[in-house]
Amino acid sequence: MDVAVLLFEGFDELDAIGPYEVFRTAAELGGDLDVSMRTLVPDEGVTARHGLTVAPDDVLFGVPDLVVVPGGGWTDRDRPGVWSEVENETLPERLDTLHGGGATIASVCTGAMLLANAGLLDGRPAATHASAADDLAEYDVDVRDERYVDDGTVLTAAGVTAGIDLALHVVERECSAGLAEQVATEIEYASTY
């Protein structure tokens, strides 16, 4: 399974790094997962919400099996983040194309706003950070107060740490419950996935 964690300026660190670690740990424990951090355009370093600079592995070419979209910057609209990516429209358009090409799309936290703007959440149940729940509801989305929502080819997670639950759920769904339990034990995470 090809997993791409999609980075953009102003993404929230844990929204991306938490799922990345879950998937990488699953791969190290024998899961058939190829995990990388990618950007839409070549970039030597992407600066996250709290100042961490991450060197992406590659540009997002082709259609991976799973694209993980972090949140960050929805409510602080004067800085790079989800709000500016929605305004730019390039990232939501690409998510729509990727989904149409067969990729499963998963968001963490306010990354759900990018999926909503892409039209991927129309009429679907979804979760997001509490600060964006009202905004998400304006997109004809059935907003759920849950850690994560699995609606087949579109998955969403609530606030920051819920991305770890979502990633563990995906490991269980795509690999096995046993592997997901091994990963949770390895990272010492008491999950409700």
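Computed from heavy atoms alone, side chains included, the values below leave out hydrogens, waters and symmetry copies. Note that the structure is predicted; figures quoted are calculated from it, not measured.
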Please check this pair: side chain of [X] against backbone of [Y], looking for a donor-acceptor N/O pair closer than 3.5 Å.
X    : Y    : answer
R79  : R49  : yes
D150 : L155 : no
D57  : R38  : no

**OP:** Treat each ILVMFWY residue as a node, draw an edge where side-chain heavy atoms are under 4.5 Å apart, and state whether V160 and V108 are in one component.
**Re:** no

Original post:
Does one hydrophobic cluster hold both V67 and V149, with members joined at side-chain heavy-atom distances below 4.5 Å?
Top reply: no

If you measure from [atom1] on [X] to [atom2] on [Y], what distance do you get to the nearest 0.5 Å?
X    : Y    : atom1 : atom2 : value
E174 : F23  : CD    : CZ    : 9.0 Å
E146 : T156 : CD    : OG1   : 8.5 Å
M37  : R24  : CE    : CZ    : 9.5 Å
L98  : T104 : CG    : OG1   : 11.0 Å
D165 : Y189 : CG    : OH    : 3.5 Å
T53  : E44  : OG1   : CD    : 12.0 Å

Is [Y] close to [X] at the side-chain level, that is, under 4.5 Å between some pair of heavy atoms?
X    : Y    : answer
I164 : I187 : yes
L114 : V86  : yes
Q182 : T185 : no
F8   : V82  : yes
V3   : V170 : no
L33  : C175 : yes

Original post:
Apart from F61 itself, which Ile, Leu, Val, Met, Phe, Trp or Tyr residues share its cluster (side-chain heavy atoms under 4.5 Å, direct or through members)?
Top reply: V59

Heavy-atom closest contact ([X] atom, [Y] atom, distance):
X    : Y    : value
A103 : P64  : CB-O, 3.2 Å
L60  : A4   : CD1-CB, 3.9 Å
V143 : A133 : CG2-O, 3.8 Å
A112 : L136 : O-CD1, 4.0 Å

All N/O donor-acceptor pairs, side-chain side in residues 117-125, below 3.5 Å, sequence neighbours left out:
| residue | atom | partner | partner atom | Å |
| --- | --- | --- | --- | --- |
| R124 | NE | L120 | O | 2.8 |
| R124 | NH1 | D151 | O | 3.0 |
| R124 | NH1 | D151 | OD2 | 2.7 |

**OP:** Mind checking side-chain contact (heavy atoms from CB on, under 4.5 Å) for E9 and listing every partner two or more places apart, or none if nothing turns up?
**Re:** D43, V46, T47, P80

**OP:** Report the residues that fulfil side-chain contact (heavy atoms from CB on, under 4.5 Å) with A132, sequence neighbours left out, ordered by chain and then residue number.
**Re:** W74, T110, M113, T128

Would you tabulate the side-chain donor-acceptor contacts of residues 12-22 under 3.5 Å, counting partners in other chains and residues two or more places apart, or write 'none'?
| residue | atom | partner | partner atom | Å |
| --- | --- | --- | --- | --- |
| D12 | OD2 | L14 | N | 3.2 |
| D12 | OD2 | D15 | N | 3.4 |
| E13 | OE1 | H50 | N | 3.2 |
| E13 | OE2 | H50 | N | 2.8 |
| E13 | OE2 | G51 | N | 3.3 |
| E13 | OE2 | L52 | N | 3.3 |
| D15 | OD2 | G71 | N | 2.9 |

Subject >> Sequence neighbours excluded - ring-ring contact (aromatic ring centres under 6.0 Å, His included) pairs with any residue from residues 95-143 >> reply: none

